[in-house]
Amino acid sequence: MATRRPTPCVGICSTTYGDLVCRGCKRYAHEIVQWNGYDEAQQQLVWQRLKSMRDEVLGQVVECVDQQRFQNYCQHAELTASQFNDLLYSAVVHLVQNTRSLAVAGLDFSEAWRPGQQTTETDSLAALQTLDAESFVRAQAHYERNFKVTV
């Protein structure tokens with residue numbers, strides 16, 4: 001029997017309230033309903049779309065300004081990943097969990113997304129919230145462009 005991938009659900013489902021795109025995992029309502037009926041390839045396609053969207057937004061919101069500090073932080077925090085964006089995302093999450101600023105890990109908001117001139121101890125949380133909000137906006141736009149039925 002084929003190994004099933006875990007669901008992308010993060011436990012904050014808004015489709016039960018009528019949203020066509022989940023505010024938590026960013027899947028479409030029909031994907032959530034049909035997830036257990038999807039085969040491995042279908043689930044993989046959903047995971048790839050979610051990861052691609054996350055990586056695209058992450059690359060626009062956060063930048064590594066000190067590669068050595070970033071590497072040291074990841075090593076100290078025992079963060080590993082085969083791809084840079086996975087490591088970058090893990091570092092931002094770890095910073096939020098430990099109430100640390102982006103600068104601690106050699107990171108900063110990119111110029112276009114910088115919320116203010118001064119970094120604070122909560123800028124990692126602001127980065128994660130920005131990532132989440134922008135990913136939701138893009139998931140909604142993708143859904144409306146590709147799936148929404150007009151009457």
Side-chain angles (χ1 to χ4, degrees), residues 5-35 38 41-148:
R5 293 184 63 83
T7 175
C9 181
V10 295
I12 309 172
C13 191
S14 66
T15 59
T16 57
Y17 301 109
D19 287 347
L20 294 175
V21 176
C22 179
R23 292 178 186 275
C25 68
K26 315 300 182 273
R27 284 181 297 165
Y28 310 133
H30 66 271
E31 292 172 332
I32 293 169
V33 170
Q34 297 171 4
W35 183 261
Y38 283 177
Q42 290 169 308
Q43 289 181 357
Q44 182 65 26
L45 286 173
V46 173
W47 274 106
Q48 286 173 347
R49 187 190 80 244
L50 296 173
K51 184 181 179 311
S52 175
M53 181 176 52
R54 181 205 72 189
D55 289 351
E56 180 182 304
V57 176
L58 182 63
Q60 293 173 357
V61 173
V62 176
E63 64 183 351
C64 182
V65 294
D66 186 335
Q67 187 67 33
Q68 188 60 50
R69 186 180 287 178
F70 179 71
Q71 289 174 351
N72 290 343
Y73 182 82
C74 291
Q75 184 177 12
H76 179 73
E78 297 179 356
L79 302 175
T80 59
S82 59
Q83 303 218 341
F84 178 74
N85 281 330
D86 293 337
L87 189 59
L88 182 59
Y89 181 74
S90 295
V92 172
V93 170
H94 190 269
L95 289 163
V96 170
Q97 291 170 337
N98 291 281
T99 320
R100 307 292 303 272
S101 74
L102 292 170
V104 169
L107 304 174
D108 200 354
F109 273 96
S110 66
E111 191 66 36
W113 290 89
R114 197 161 288 142
Q117 302 297 35
Q118 198 174 14
T119 58
T120 67
E121 286 301 310
T122 58
D123 68 346
S124 58
L125 179 58
L128 196 58
Q129 290 170 332
T130 300
L131 174 64
D132 184 61
E134 182 63 19
S135 295
F136 179 68
V137 167
R138 291 181 189 200
Q140 274 190 308
H142 186 270
Y143 181 86
E144 289 174 6
R145 185 175 53 251
N146 294 294
F147 297 103
K148 193 166 186 176

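What you are looking at is a predicted structure, and each value in this text was computed from that prediction instead of being measured.
Here CG of L20 is found 8.5 Å from CD of E144. Values are rounded to the nearest 0.5 Å.
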Throw together a table of side-chain donor-acceptor distances under 3.5 angstrom for residues 50-62, partners on residues two or more places apart or in other chains.
from : atom 1 : to   : atom 2 : distance (Å)
K51  : NZ     : D55  : OD2    : 2.8
K51  : NZ     : D86  : OD1    : 3.2
R54  : NH2    : D86  : OD1    : 2.6
E56  : OE2    : R138 : NH1    : 2.5
Q60  : OE1    : R138 : NH1    : 3.4
Q60  : OE1    : R138 : NH2    : 2.5

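The minimum heavy-atom distance between V104 and L95, with the atom names listed, is CB-CD2, 4.3 Å. The two residues K26 and V21 have their closest heavy-atom pair at O-CG1, 3.9 Å. Summarising the geometry of D132 relative to G24, their closest heavy-atom pair is OD1-O, 4.4 Å, with the distance given to 0.1 Å. In terms of heavy-atom proximity, D123 sits nearest to F109 at O-CE1, 3.6 Å.
Using a 4.5 Å heavy-atom cutoff, the side chains of V33 and Y28 are not in contact. The shortest distance between side-chain heavy atoms of L45 and Y38 does not fall below 4.5 Å. Taking the side chain as every heavy atom from C-beta outward, N85 and L88 approach each other to under 4.5 Å. The closest side-chain heavy-atom distance from W35 to C9 is not below 4.5 Å.
Among pairs with a residue in residues 71-80, those fulfilling side-chain hydrogen bond (donor to acceptor under 3.5 Å, both in side chains) read Q68-N72, Y73-H94, at least two apart in sequence or across chains.
Below 30°, between 30° and 60°, or above 60°: for Y143 and H30 the angle between ring planes is between 30° and 60°, a tilted geometry.
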